[in-house]
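What's counted below: heavy atoms across the whole structure, side chains too, no hydrogens, waters or symmetry copies. Just so we're on the same page: letters track the sequence lines, and every chain starts at 1.
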2 protein chains.
Amino acid sequence: MGLTKTDNFTTEQNELAAFAKALGHPARVAIIEYLSSQNDCVCGSIVDAIPLAQATVSQHLKELKNAGLIQGNIEGNSICYCLNPEKWKKFKQMLEPTFTHIEQPVCC
Amino acid sequence: MGLTKTDNFTTEQNELAAFAKALGHPARVAIIEYLSSQNDCVCGSIVDAIPLAQATVSQHLKELKNAGLIQGNIEGNSICYCLNPEKWKKFKQMLEPTFTHIEQPVCC
DNA sequence: ATTCTTTATCGTAATATTGCAATAAGACAA
DNA sequence: TTGTCTTATTGCAATATTACGATAAAGAAT
């Protein structure tokens, strides 16, 4: 198969999975970390910062954009990729119950 | 290819990606949500709660275990799968910089 | 010992992902 | 227009993932 059965799960579960999946590759983690630490969002800078070919980085950026974790804005000659605060807030909020749950002692 | 170039990235980046990837499927999200909300960790209960075949759920549990997000303990006749607090704390901690970053105004 | 219950593994088919070279597409400059 | 710079897309090969039936493995119960 290889086809995820999304119908069996809630919209929220699918959305959280989509966020997590988008972050589930070290190159995409590196892109997000770059955008979180640098005051620089130019696509070319990201490509330079990630040790993969331009075509590959572009593909990863597309996946992050599809998941909604980043958004692209035209900035003169190039494109500025920024974090999407709304989506990240939602991501955080959906993880919160588990983050809270692990504060109490484990069951076994 | 289909082969992730992990060598190009830091251990931390790879670990965060592994956590996220493990959570990147609605069935595994559902499993984690079940363990976060129920005081029940018995493998059989998880299988019943997830609308997929037993073999498939077992496979998803294995992936969560490989990533370290859950741990399995023998509990009499069955197996108890619990969240691994240490790993979840690390996961949370690694996401923190981005969660913090989105609190300030976006660059564009 | 045999049977039942519970969980893991194997085998297989279908689909998805990763990576890159080559190339296209778009905006700007001269 | 022609060229240049920046980013996206295409095409392809290699590998990974998803799903499930069948079956194995290990312990409990009879």
For residues 86-93 of chain A, which side-chain donor-acceptor pairs fall under 3.5 Å, sequence neighbours excluded?
| from | atom 1 | to | atom 2 | distance (Å) |
| --- | --- | --- | --- | --- |
| A/Trp88 | NE1 | A/Leu69 | O | 3.0 |
| A/Lys90 | NZ | A/Glu15 | OE1 | 3.0 |

Not counting sequence neighbours, which residues clear side-chain contact (heavy atoms from CB on, under 4.5 Å) with A/Ser58? List them please.
-> A/Gln54
Counting side-chain heavy atoms from CB outward, which of C/dT15, D/dT6, C/dT6 is closest to A/Leu3?
-> C/dT15
Residues which pass side-chain hydrogen bond (donor to acceptor under 3.5 Å, both in side chains) with B/Ser36, listed by chain and number, not counting sequence neighbours = A/Thr98
Please report, rounded to the nearest Å, how far the C1' atom of C/dT17 is from the CD atom of B/Glu63.
-> 14 Å
For B/Asn8 and for B/Ile79, locate the closest nucleotide of DNA chain C by heavy-atom distance; then report the residue assigned to the nucleotide nearer the 5' terminus.
-> B/Ile79
Once you round to the nearest 0.5 Å, how far does CG of B/Asn66 lie from CG of B/Leu61?
-> 11.0 Å
Which residues pass the ring pair (Phe, Tyr, Trp, His ring centres under 6.0 Å) test with B/His60, sequence neighbours left out?
-> B/His25
Hey, does the side chain of A/Tyr81 come within less than 4.0 Å of D/dA8's phosphate (OP1/OP2), counting only N and O?
-> yes
Mind checking the CD1-CG spacing from B/Ile102 to A/Leu35? Nearest 0.5 Å is all I need.
-> 13.0 Å
For B/Asp40, side-chain hydrogen bond (donor to acceptor under 3.5 Å, both in side chains) partners two or more places apart = B/Tyr34, B/Ser45
Using a heavy-atom distance cut-off of less than 4.0 Å, which residues of residues 48-62 of chain B contact DNA chain C?
-> B/Gln54, B/Ala55, B/Ser58, B/Lys62
Whole-Å distance between D/dA29 C1' and B/Asn77 CG?
-> 9 Å
Nearest-Å distance, CG (B/Asn73) to P (C/dT7)?
-> 13 Å
Is the phosphate of D/dT17, meaning OP1 or OP2, less than 4.0 Å from a side-chain N or O of A/Thr4?
-> no
Using atom CZ of A/Phe9 as one end and atom P of D/dA19 as the other, report the distance to the nearest whole Å.
-> 7 Å
What salt bridge (Lys or Arg N to Asp or Glu O under 4.0 Å) pairs are there with at least one residue in residues 56-73 of chain B, not counting sequence neighbours?
-> B/Arg28-B/Glu63
Between C/dA16 atom P and B/His25 atom NE2, what is the distance in whole Å?
-> 12 Å
side-chain hydrogen bond (donor to acceptor under 3.5 Å, both in side chains) against B/Glu33, all qualifying residues, sequence neighbours excluded | A/Gln13
Under 4.0 angstrom between B/Ser78 side-chain N/O and C/dT7 OP1 or OP2 | yes
Specify the separation, in whole Å, of atom NZ of B/Lys5 and atom P of C/dG19.
-> 7 Å
Within residues 10-22 of chain B, residues whose heavy atoms come under 4.0 Å of DNA chain C = none
Return the value, rounded to whole Å, for the distance between atom CD1 of B/Ile31 and atom P of D/dA19.
-> 11 Å
Whole-Å distance, B/Asp7 CG to C/dG19 P, equals 11 Å
